[in-house]
Number of protein chains: 4
Amino acid sequence: MGKKRGQKFDLIINAAVKVIAQNGYHHSQVSKIAKEAGVADGTIYLYFKNKEDILISLFEEKMGLFVEKSKEQLTKDLTIEEKLLLLIEMHLRQLEADHNLAIVTQLEIRQSNIQLRSRINKVLKGYLGLIDTILLEGMDNGFFPKSLDHRLARQVIFGAIDEVVTNWVMKEHRYELVPLAKPLCNMLLTGLKSNN
Amino acid sequence: MGKKRGQKFDLIINAAVKVIAQNGYHHSQVSKIAKEAGVADGTIYLYFKNKEDILISLFEEKMGLFVEKSKEQLTKDLTIEEKLLLLIEMHLRQLEADHNLAIVTQLEIRQSNIQLRSRINKVLKGYLGLIDTILLEGMDNGFFPKSLDHRLARQVIFGAIDEVVTNWVMKEHRYELVPLAKPLCNMLLTGLKSNN
Amino acid sequence: MGKKRGQKFDLIINAAVKVIAQNGYHHSQVSKIAKEAGVADGTIYLYFKNKEDILISLFEEKMGLFVEKSKEQLTKDLTIEEKLLLLIEMHLRQLEADHNLAIVTQLEIRQSNIQLRSRINKVLKGYLGLIDTILLEGMDNGFFPKSLDHRLARQVIFGAIDEVVTNWVMKEHRYELVPLAKPLCNMLLTGLKSNN
Amino acid sequence: MGKKRGQKFDLIINAAVKVIAQNGYHHSQVSKIAKEAGVADGTIYLYFKNKEDILISLFEEKMGLFVEKSKEQLTKDLTIEEKLLLLIEMHLRQLEADHNLAIVTQLEIRQSNIQLRSRINKVLKGYLGLIDTILLEGMDNGFFPKSLDHRLARQVIFGAIDEVVTNWVMKEHRYELVPLAKPLCNMLLTGLKSNN
DNA sequence: GATGAATGAGTGTTCATTCAT
DNA sequence: TATGAATGAACACTCATTCAT
């Protein structure tokens with residue numbers, strides 16, 4: 001059964017983002033999502049294998065789109081520094097633009113089984129690939145040292161961004177997120193230590 | 001109800017770590033934890049308010065202990081650099097020493113409700129306080145620039161360490177964790193960029 | 001709605017025999033039968049009132065045909081003994097010739113509601129009528145005693161044949177059925193007791 | 001999990017006989033049975049694996065008891081003829097004494113999956129064993145011919161009795177059942193044919 | 001007639017929690 | 001304190017049936 005797409009697919013995905021952000025995954029009954037989407041309960045199962053599949057598909061859909069867009073932007077002729085900044089900015093902008101999505105992404109999706117993590121990780125791999133590309137290009141042109149452990153660096157970059165977003169969600173979006181891109185990027189590039 | 005302590009309290013906590021790490025939180029029935037602990041189902045409720053309380057108490061107990069130990073270590077007369085390295089090393093060592101605890105800490109505990117996050121965050125605050133202390137001391141003695149946004153820095157440090165541990169857990173502990181402390185610490189202090 | 005006949009009617013009936021024999025009635029979704037028949041789900045409802053109607057119609061169709069054929073054969077000029085043997089042989093032969101039909105007839109059809117039994121019984125009545133005809137003719141010509149309780153006798157004959165077939169189906173058709181006609185017929189006619 | 005017995009086990013079994021006889025198996029919701037038994041829904045699952053298990057356990061319980069009783073009676077010093085008659089009489093009497101049980105036994109239990117049939121058959125085997133014992137003893141002492149196919153004979157006897165009971169149930173118990181034992185027994189022993 | 005996407009009623013089962021002993 | 005049998009609320013999912021095309 002290849003995944004069916006169509007108007008209803010998006011209808012359900014968007015309803016799910018809203019309902020899950022408001023109630024949390026475990027209190028978001030399938031019937032509640034169906035009602036919000038304006039379809040019958042059973043219709044959900046024409047487009048999704050089960051309730052968990054909604055959550056993961058939602059992530060794949062939204063995050064996949066984001067990765068696509070980002071990949072495209074990063075083909076531009078920019079310096080490594082500009083590319084990293086751009087990526088961070090896009091990341092923060094995307095989530096600041098959709099608070100519900102941010103809640104689902106930073107909190108609810110992490111409630112999924114270890115097994116489901118593999119599907120999540122597949123999507124994440126796409127994102128991490130973008131970071132890797134920047135890192136490798138930078139090592140190639142001397143912006144980063146040849147000796148850089150790029151896997152560790154990738155984890156540091158992703159972990160830092162992710163934590164910044166999560167912190168913003170936990171603080172209930174009480175401050176602006178995008179302005180943090182620049183200082184965050186600098187901190188990652190030059191470190192915390194005074195450079196004198 | 002003040003929290004009751006006693007032999008059984010620890011018995012249950014340790015059983016929970018084992019059972020939850022093996023089965024995941026949602027497949028760890030209270031009766032399964034009780035059986036592993038060698039107590040009756042009902043006994044659990046003499047020591048814990050409900051199932052979620054086991055999970056959070058477990059975190060409070062183990063993490064609280066860790067923060068205590070760390071705080072103590074950090075009173076030693078060390079450079080800022082040494083202190084940060086020590087903290088990271090202790091963090092990685094504690095989790096590498098107990099794989100089950102690492103699984104619960106990095107994966108399962110995140111499945112808790114948004115509400116429960118507040119109790120988790122309270123514990124985390126203790127840990128983040130340690131980072132802050134180092135950061136502020138460093139800013140004070142010129143190791144870090146006065147202009148450092150220490151809240152952002154704290155998020156970067158925590159996010160990076162956390163991601164490194166999570167990655168290790170997701171990769172099923174297939175490599176050694178503690179050796180990553182040194183390069184991780186350096187990366188955080190001097191950044192990714194080449195220092196020509 | 002008079003019953004519609006046509007190519008598709010038979011297509012569906014035959015698909016149903018196959019699907020139900022293989023999966024059991026309760027695991028034979030209408031859509032599965034439709035697929036096997038090569039028609040759309042909705043088409044089923046142009047020919048049958050509901051799912052149960054397929055099961056009963058199937059029985060009516062196959063059994064009705066069998067009763068017709070048998071009635072015809074029994075008009076021949078035969079002794080009572082020959083007629084009974086012929087009936088039993090035809091019964092066993094019909095089911096041995098179509099294992100799937102035998103499964104449906106002996107096992108699956110009995111899963112229908114008490115209400116539906118009335119339609120089944122109507123069909124059976126035709127068959128039982130054949131037995132009655134033989135019994136009454138035999139009582140008339142002295143082959144059977146005048147005192148015979150022919151209703152009881154009919155139940156004994158039908159019950160015995162039915163059980164022999166069911167046993168064969170339950171034993172997964174591991175032996176030949178038709179050869180049992182002769183000894184079964186003898187047993188019914190002369191009883192189990194030694195005749196000396 | 002060995003089967004738990006106890007007061008509640010019987011309570012539930014008896015409630016199930018009543019509810020299933022009145023509503024049919026498929027319209028006998030577990031909650032309905034629980035209510036009739038005066039226990040909570042969940043309690044059912046302390047004593048039975050699932051809904052089907054209630055049906056089969058019920059049969060095992062009631063039929064098993066009957067087979068025990070019959071086996072005991074048949075140790076008496078009786079002629080073969082008397083033994084067969086006794087068995088038939090007990091069979092008819094047991095079911096005439098409990099109309100609800102008869103409905104479940106003759107109609108509802110047959111709605112179970114082919115898989116569940118194996119558990120049913122295991123119970124039936126006990127009953128069929130009783131018939132076999134009589135047949136073999138009769139062949140041994142010359143009451144039955146040495147050449148008797150006792151497996152076929154067993155099927156004829158069981159099929160006949162079963163059909164007589166089913167017929168009585170389908171006719172909604174409108175006549176007395178036990179009086180049919182004698183003529184039924186005779187018919188099985190001496191056959192239908194006139195013994196000129 | 002034929003289709004098949006959409007419907008939504010219906011229920012078995014789990015398991016955290018309680019409480020009489 | 002400790003027990004564990006009993007509770008009962010809660011819900012994902014199926015699938016027979018409909019109907020607009």
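So you know, we letter chains A, B, ... as the sequences are listed, proteins then strands, and number each from 1.
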Practice prompt. Please work out which of the three classes, parallel, tilted or perpendicular, describes the rings of His26(D) and His26(C), given edges at 30° and 60°.
Written response: tilted

Item to complete: Please tell me if the side chains of Val169(A) and His99(A) come closer than 4.5 Å, counting only heavy atoms from C-beta onward.
Response: no

Fill in: For atom OH of Tyr47(A) and atom P of dA5(E), their distance in whole Å
8 Å

Fill in: Spacing between Phe9(B) atom CZ and dT1(F) atom P, to the nearest angstrom
13 Å

Fill in: Nearest-Å distance for atom pair CZ/C1', residues Phe48(A) and dC13(F)
15 Å

Fill in: Residues Asp53(D), Arg119(D): salt bridge by 4.0 Å N-O rule
yes

Worksheet item: Ignoring hydrogens and geometry, is there a side-chain-to-backbone donor-acceptor pair from Arg110(A) to Val104(A) under 3.5 Å?
Response: no

Discussion item. For Lys62(A), run the side-chain hydrogen bond (donor to acceptor under 3.5 Å, both in side chains) check against Asp98(A), Thr105(A), Asn14(A) and tell me which one passes.
Written reply: Asn14(A)

Discussion item. In this structure, how many angstroms lie between the P atom of dG4(F) and the NZ atom of Lys32(B), rounded?
Written reply: 19 Å

Item to complete: Starting at CD1 of Ile54(C), measure out to CD of Glu61(C) and round the result to the nearest 0.5 Å.
Response: 13.5 Å

Item to complete: Report the distance from atom CG of Leu11(A) to atom P of dA5(E), rounded to the nearest whole Å.
Response: 17 Å

Worksheet item: In whole angstrom, what separates Lys35(D)'s NZ from dT7(F)'s P?
Response: 15 Å

Discussion item. Tell me whether the NZ or CZ atom of Lys51(B) lies within the 45° cone about the ring axis of Tyr25(B) and under 6.0 Å from its centre.
Written reply: yes

Discussion item. Just the rounded figure in Å: distance from P of dA16(F) to CG of Asp53(C).
Written reply: 14 Å

Item to complete: For each nucleotide in nucleotides 13-21 of chain E, reading 5' to 3', give B when a protein heavy atom comes within less than 4.0 Å of its base, S when such contact involves only the sugar-phosphate, and - otherwise.
Response: BBSSBB---

Response to the item:
note: Ile33(C), atom CD1; dC15(F), atom P; distance rounded to Å ~ 12 Å

Response to the item:
Result for 5'-nearest mapping on DNA chain F, choosing between Val39(D) and Gly38(B), is Gly38(B)

Worksheet item: Closest approach of Ser28(B) and Ile33(B), non-hydrogen atoms and distance?
Response: O-CD1, 4.1 Å

Discussion item. If you define the side chain from C-beta out and look only at heavy atoms, does anything of Lys32(B) sit under 4.5 Å from Gln29(B)?
Written reply: yes

Worksheet item: Taking only side-chain nitrogens and oxygens of Lys8(A), does any of them come within less than 4.0 Å of OP1 or OP2 of dA5(E)?
Response: no

Practice prompt. Would you sketch DNA chain F in dot-bracket for me? Only Watson-Crick or G-U wobble pairs with both distances under 3.5 Å count, crossing pairs as [ ], other-strand pairs as |, the rest as dots.
Written response: .||||||||||||||||||||

